[in-house]
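To keep things clear, I will list the structure first and then write my remarks on it.
Whatever order the structure lists them in is the order used to number ligands and atoms, beginning at 1.
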Amino acid sequence: MKIFVSWPGYDPEDEQTGRRLVEAGHELVLAPKLRARTEEDVVRLADGCTGAIVSTDPFTAEVLGALPSLRIIARVGVGFDSIDRAAADAHGVAISITPGMNAETVADHTLALILALVRKVPQQDASVKAGRWERVGPFTPSELPGKTVGLIGAGTIGRAVARRLAGFGVSICYFDQLVDDFPGATKLASLTDLYARCDIISLHVPLLDETRHLIDAAAIATMKPSALIINTARGPVVDQEALFVALKSGQIAGAALDVFEAEPPDPQAFDGVPNLVCAAHMGGISRESVARMTASATQSILDVLAGSMPETVVNRQTLRIPV
Ligand SMILES: NC(=O)C1=CN([C@@H]2O[C@H](COP(=O)(O)OP(=O)(O)OC[C@H]3O[C@@H](n4cnc5c(N)ncnc54)[C@H](O)[C@@H]3O)[C@@H](O)[C@H]2O)C=CC1
Ligand SMILES: O=CC(=O)O
């Protein structure tokens, strides 16, 4: 069977991944490395394929309707908001993810972004390289002990972030309707409460209808002027335009974005936006996590196409047509 591969971490010669698929009799259809693929790109490139190993390519209802051979989409990662689950259920397309394989990586990245903001690392880097030696002044950093960190979403990644923060002398609170048991962190009854109390607000929710633009102009207006926002969840959880307006006016103190409303973002959007640290959706990426996730996605493809339904398939209970 033909397997569409657009995940950039895929090595067709690797013994744990590409070679295993070929040895099992499958043919790899390697997508060209594009900055972003449109729905038309996916339909054209994955035409006739039975499996797909992907990152954030759009698998909308239209795309799924146009790819009738497809039986499994293996999402390398955990957030599968780029795949229309209801349409996949209706068309009998299994969606697998790689649970728990990049959570610690995202938590490391979140701490890196928090520390970069608090310690003003990017500004110091630019200043030293420009031949300056500014130690006390506008770039004087702050410190973490004594600060209050608010986690929105206390699932796998939120908790991994909290474990790391435990050594920094901060108070940790969180908002997550589904989580009551979170030793070392205080549950808050509302987001309003969290915005009012926290110095650092870190997002760890999936992108859902109710989390789209969770942080908007109205939410930002209730935060402390010293607040820092860190988004390693999904770009549309934050109203990016409202955030940039707030940073420019000094309504809040800084932000770090690993994810953007459109990826890759238009660099012109950053013009004149101060105290913004950016990364290229790198939260879940490390040498180690890429190897783990790619092997897991490969295994899911092999299992499903051999007729079994592994636990990595998130819609195994709701598929309306058996794969
Ligand atoms: N930047 C990156 O590379 C990566 C980003 N992610 C993103 O991080 C998200 C979280 O991942 P996990 O922690 O593994 O997911 P998870 O499912 O373990 O935890 C998510 C938590 O969010 C909570 N939640 C859902 N809606 C909420 C709301 N409206 N308000 C407050 N809490 C809410 C849930 O109850 C759950 O406890 C993923 O869905 C994905 O979008 C994940 C991996 C890598
Ligand atoms: O964005 C990455 C993921 O694992 O989700």
Side-chain angles (χ1 to χ4, degrees), residues 6-9 36 53-59 73-83 85 95-114 150-164 173-182 185 187-195 198 201-216 219 229-238 255-261 263-265 277-294 296-297 300 312 314:
S6 66
W7 161 241
I53 301 186
V54 304
S55 174
T56 53
D57 288 337
F59 281 87
I73 304 168
R75 160 70 169 113
V76 183
V78 293
F80 58 96
D81 44 276
S82 54
I83 304 170
R85 179 179 178 160
I95 304 169
S96 71
I97 60 170
T98 57
M101 295 196 175
N102 62 8
E104 300 297 328
T105 318
V106 183
D108 282 353
H109 196 62
T110 305
L111 261 293
L113 294 176
I114 292 175
L151 305 173
I152 305 183
T156 316
I157 296 172
R159 284 161 185 270
V161 170
R163 280 198 298 279
R164 284 160 175 74
C173 49
Y174 72 98
F175 178 77
D176 188 322
Q177 306 92 326
L178 297 184
V179 174
D180 290 318
D181 178 28
F182 191 170
K187 179 165 179 156
L188 298 180
S190 70
L191 282 172
T192 321
D193 199 4
L194 186 143
Y195 298 148
C198 292
I201 296 167
S202 192
L203 298 167
H204 304 291
V205 287
L207 178 60
L208 306 166
D209 287 344
E210 62 268 28
T211 59
R212 191 174 291 273
H213 284 195
L214 188 80
I215 305 278
D216 58 7
I229 297 174
I230 291 85
N231 188 8
T232 57
R234 279 294 179 272
V237 175
V238 175
L257 300 180
D258 181 51
V259 285
F260 299 86
E261 289 210 62
E263 294 181 2
V277 178
C278 294
H281 199 146
M282 295 292 271
I285 305 282
S286 65
R287 287 181 197 284
E288 297 85 349
S289 70
V290 165
R292 283 193 296 271
M293 294 191 293
T294 311
S296 165
S300 296
T312 52
V314 288

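With no hydrogens or angles considered, a side-chain donor-acceptor pair links His213 and Glu261 at under 3.5 Å. No side-chain donor-acceptor contact under 3.5 Å links Thr110 and Ser202. For the residue pair Thr56 / Ser82, no side-chain donor-acceptor distance below 3.5 Å is found, with atom types taken as modelled.
Side-chain atoms of Ile285 and Asn102, non-hydrogen and from C-beta on, never get closer than 4.5 Å to each other. Residues Ile201 and Ile230 form no side-chain contact, since every pair of their non-hydrogen atoms from C-beta on lies 4.5 Å or further apart.
Among residues two or more places apart in sequence or in another chain, the side chain to side chain donor-acceptor pair (under 3.5 Å) test is passed with Asn231 by none.
The contact shell of ligand 2, taken as protein residues with any non-hydrogen atom closer than 4.0 angstrom, comprises Arg75, Gly77, Val78, Gly79, Asn102, Arg234, His281.
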Tell me which donor-acceptor pairs under 3.5 Å the side chains of residues 73-80 have, and how far apart each pair is, sequence neighbours excluded?
{"residue": "Arg75", "atom": "NE", "partner": "Ser55", "partner atom": "O", "Å": "3.2"}
{"residue": "Arg75", "atom": "NE", "partner": "Gly79", "partner atom": "O", "Å": "2.8"}
{"residue": "Arg75", "atom": "NH1", "partner": "Ser55", "partner atom": "O", "Å": "3.4"}
{"residue": "Arg75", "atom": "NH2", "partner": "Gly79", "partner atom": "O", "Å": "3.3"}

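Between Thr105 and the options Met282, Arg292, Arg287, Glu288, a side chain to side chain contact (heavy atoms under 4.5 Å, CB included) holds for only Arg292.
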With the criterion set at N/O pairs under 3.5 Å, what does the list of contacts between the protein and ligand 1 look like, atom names and distances included?
{"residue": "ligand 1", "atom": "1 (N)", "partner": "Thr232", "partner atom": "O", "Å": "3.0"}
{"residue": "ligand 1", "atom": "1 (N)", "partner": "Asp258", "partner atom": "OD2", "Å": "2.8"}
{"residue": "ligand 1", "atom": "3 (O)", "partner": "His281", "partner atom": "NE2", "Å": "3.4"}
{"residue": "ligand 1", "atom": "3 (O)", "partner": "Gly284", "partner atom": "N", "Å": "2.9"}
{"residue": "ligand 1", "atom": "13 (O)", "partner": "Thr156", "partner atom": "N", "Å": "3.3"}
{"residue": "ligand 1", "atom": "13 (O)", "partner": "Ile157", "partner atom": "N", "Å": "2.9"}
{"residue": "ligand 1", "atom": "18 (O)", "partner": "Thr156", "partner atom": "N", "Å": "2.9"}
{"residue": "ligand 1", "atom": "18 (O)", "partner": "Thr156", "partner atom": "OG1", "Å": "2.9"}
{"residue": "ligand 1", "atom": "30 (N)", "partner": "Gln177", "partner atom": "OE1", "Å": "3.4"}
{"residue": "ligand 1", "atom": "35 (O)", "partner": "Asp176", "partner atom": "OD1", "Å": "2.8"}
{"residue": "ligand 1", "atom": "35 (O)", "partner": "Asp176", "partner atom": "OD2", "Å": "3.3"}
{"residue": "ligand 1", "atom": "37 (O)", "partner": "Asp176", "partner atom": "OD2", "Å": "2.6"}
{"residue": "ligand 1", "atom": "41 (O)", "partner": "Arg234", "partner atom": "NH1", "Å": "3.3"}

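Side-chain atoms of Lys187 do not come within 3.5 Å of backbone N or O of Phe175 as any donor-acceptor pair.
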